[in-house]
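Below you'll find the structure, written out as structure tokens, and then a few comments.
In what follows, every chain begins at residue 1, and chains take the letters A, B, ... in the order their sequences are listed. Please read all numbers here as calculations on a predicted model, not as lab measurements.
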There are 2 protein chains.
Amino acid sequence: MTKEASLQFHMSMGMLINSAHRSMTKRFVTNAMESGLDISLDQWMVLGPIWQLESASQKELGEMCLKDKISITRIIDALEKKNLVVRVPDQIDHRINRVVLTNAGKQLFYDVLPIMEKTREEVRKDIPEQDFEIFKNVLSTIIKNLDDG
Amino acid sequence: MTKEASLQFHMSMGMLINSAHRSMTKRFVTNAMESGLDISLDQWMVLGPIWQLESASQKELGEMCLKDKISITRIIDALEKKNLVVRVPDQIDHRINRVVLTNAGKQLFYDVLPIMEKTREEVRKDIPEQDFEIFKNVLSTIIKNLDDG
DNA sequence: AAATTATAGTTGCATTTGAAACTAAATAAA
DNA sequence: TTTATTTAGTTTCAAATGCAACTATAATTT
């Protein structure tokens with residue numbers, strides 16, 4: 001590869017992903033705040049699977065959200081502090097925490113859904129469905145490529 | 001949008017970008033370390049434009065790297081501490097710093113190029129050129145969408 | 001059964017990051 | 001000219017993140 005091509009690469013890939021990630025996170029939080037909702041994108045990304053799985057272990061949540069256990073611990077800490085979820089020790093395996101939504105957590109989940117939709121629309125404006133699918137596939141492939149490399 | 005679709009979204013977009021970004025950063029640093037080079041992806045992303053622009057202001061670097069001025073200040077601090085760059089006050093406008101590579105900085109730049117290429121290949125493995133182009137376009141569009149929203 | 005290994009989750013510490021306030025210089029307005 | 005405004009960059013403080021070591025429980029091995 002020529003120097004120029006490498007430079008081109010470094011200026012596109014890392015930079016673009018980095019910047020898109022930052023912008024999205026920011027926009028989501030801003031949109032939430034404007035609706036009087038206090039939640040980070042990370043917290044939301046975990047709240048969804050909690051809602052979906054009903055009583056997931058932290059490990060399961062981590063796998064679902066592609067996050068390590070430390071991050072999950074902390075996000076659950078934050079959610080628990082806000083009384084949105086509770087940790088319930090598993091009846092059989094006492095190492096496991098089952099994480100379940102409180103009523104306030106469920107309420108927040110439903111309140112945030114339209115915020116998510118709004119953010120989604122802002123993000124996807126002008127991007128054809130087909131391109132977006134390719135985009136997501138490429139992201140998945142990149143993650144896979146780097147996980148078992 | 002249905003609840004399921006929103007959930008689907010939140011579990012793909014944010015999560016995937018987040019995860020891909022983390023993996024890439026990690027892989028780049030690991031690859032660099034294995035070659036005995038001590039540089040973060042952020043630092044590299046700024047080093048490139050410094051090399052290319054020859055004597056860029058911090059503002060220009062920020063625009064080029066899609067980073068805010070605070071990040072640039074810190075990255076330049078780090079690079080300067082490692083004697084890879086120096087800040088030279090602009091002769092005419094004393095507010096501006098011109099950032100230039102030292103010989104060590106130029107050397108590192110050339111040393112890191114193959115690392116970047118290696119990382120690039122690991123990232124892009126199995127991704128058709130065409131999809132990758134779409135991928136980058138989508139990222140650019142997302143950034144644009146969120147910047148002037 | 002006792003000792004070993006593996007798993008789930010937490011904690012502590014050091015580094016990184018982000019937002020807002022700040023300094024210093026340049027430009028524009030009065 | 002002096003005052004106000006904008007611009008480039010830095011600093012500070014609080015919050016987020018990453019890594020390694022740690023606890024507690026469960027599953028294996030001997």
| query | Do you see a donor-acceptor pair shorter than 3.5 Å between the side chains of B:Asn83 and B:Thr102? | reply |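 Short answer, no.
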Checking [X] now: which residues fulfil salt bridge (charged side-chain N to carboxylate O under 4.0 Å, His left out) with it, not counting sequence neighbours?
| X | value |
| --- | --- |
| B:Asp126 | none |
| B:Lys106 | none |
| A:Glu54 | none |

| query | Atom CG of A:Leu66 to atom C1' of D:dG18: distance rounded to whole Å? | reply |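 Roughly 17 Å, once rounded to whole Å.
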| Got a sec? Which of residues 67-75 of chain A come in under 4.0 Å of DNA chain D, heavy atoms? |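 Residues of residues 67-75 of chain A that come under 4.0 Å of DNA chain D are, in numerical order, A:Ile70, A:Arg74.
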| said: Expected output is a numbered-order residue list: members of residues 79-101 of chain B with a heavy atom under 4.0 Å from any atom of DNA chain D. What is it? | reply: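 When residues 79-101 of chain B is checked for heavy atoms under 4.0 Å from DNA chain D, the hits, listed by number, are B:Arg87, B:Arg95, B:Ile96, B:Asn97.
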| Considering all heavy atoms of both residues, which atom of A:Leu47 and which atom of A:Gly105 are nearest to each other, and what is their separation? |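 What the structure gives for the nearest pair is CD2-O, 4.5 Å.
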| request: Anything under 30° is parallel, anything over 60° is perpendicular, the rest tilted; go ahead and classify A:Phe109 against A:Trp44. | output: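 Plane angle under 30°, so parallel.
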| First and last nucleotide of DNA chain C in contact with chain B, 5' to 3', at under 4.0 Å to a heavy atom: what are they? |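 Listing 5' to 3', DNA chain C meets chain B from C:dT17 to C:dA26.
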| query | When we call it a touch if two heavy atoms are under 4.0 Å apart, what does A:Ser57 touch: a base, just sugar-phosphate, or nothing? | reply |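 Sugar-phosphate contact only - A:Ser57 comes under 4.0 Å of backbone atoms but never of a base.
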| said: For a quick check of understanding: with a heavy-atom distance under 4.0 Å over all strands, which category does B:Asp77 fall into, base, sugar-phosphate or nothing? | reply: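 Answer is nothing: B:Asp77 stays at 4.0 Å or more from every strand.
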| task | Inspect the surroundings of CD in B:Gln130 and state if more than 12 heavy atoms from other residues, nucleotides or ligands are less than 6.0 Å away. | result |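 Count not over threshold, so no.
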| task | May I ask whether B:Ile75 and B:Ile70 are part of the same hydrophobic cluster, defined by side-chain heavy atoms of I, L, V, M, F, W, Y residues being less than 4.5 angstrom apart, directly or through others? | result |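 Not linked; separate clusters.
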| query | Are A:Leu79 and A:Ile96 grouped together when hydrophobic residues (ILVMFWY) are joined by side-chain heavy atoms under 4.5 angstrom apart? | reply |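 Unlinked, A:Leu79 and A:Ile96 end up in two clusters.
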| message | For A:Arg22 and A:Glu60, find the nucleotide of DNA chain C closest to each by heavy atoms; which residue's nucleotide sits nearer the 5' end? | response |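 The residue closer to the strand's 5' end, by nearest nucleotide, is A:Glu60.
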| Is it true that B:Lys118 and B:Glu122 have a side-chain N and a carboxylate O under 4.0 angstrom from each other? |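 Judged by the 4.0 Å cut-off on N to carboxylate O distance, B:Lys118 and B:Glu122 do form a salt bridge.
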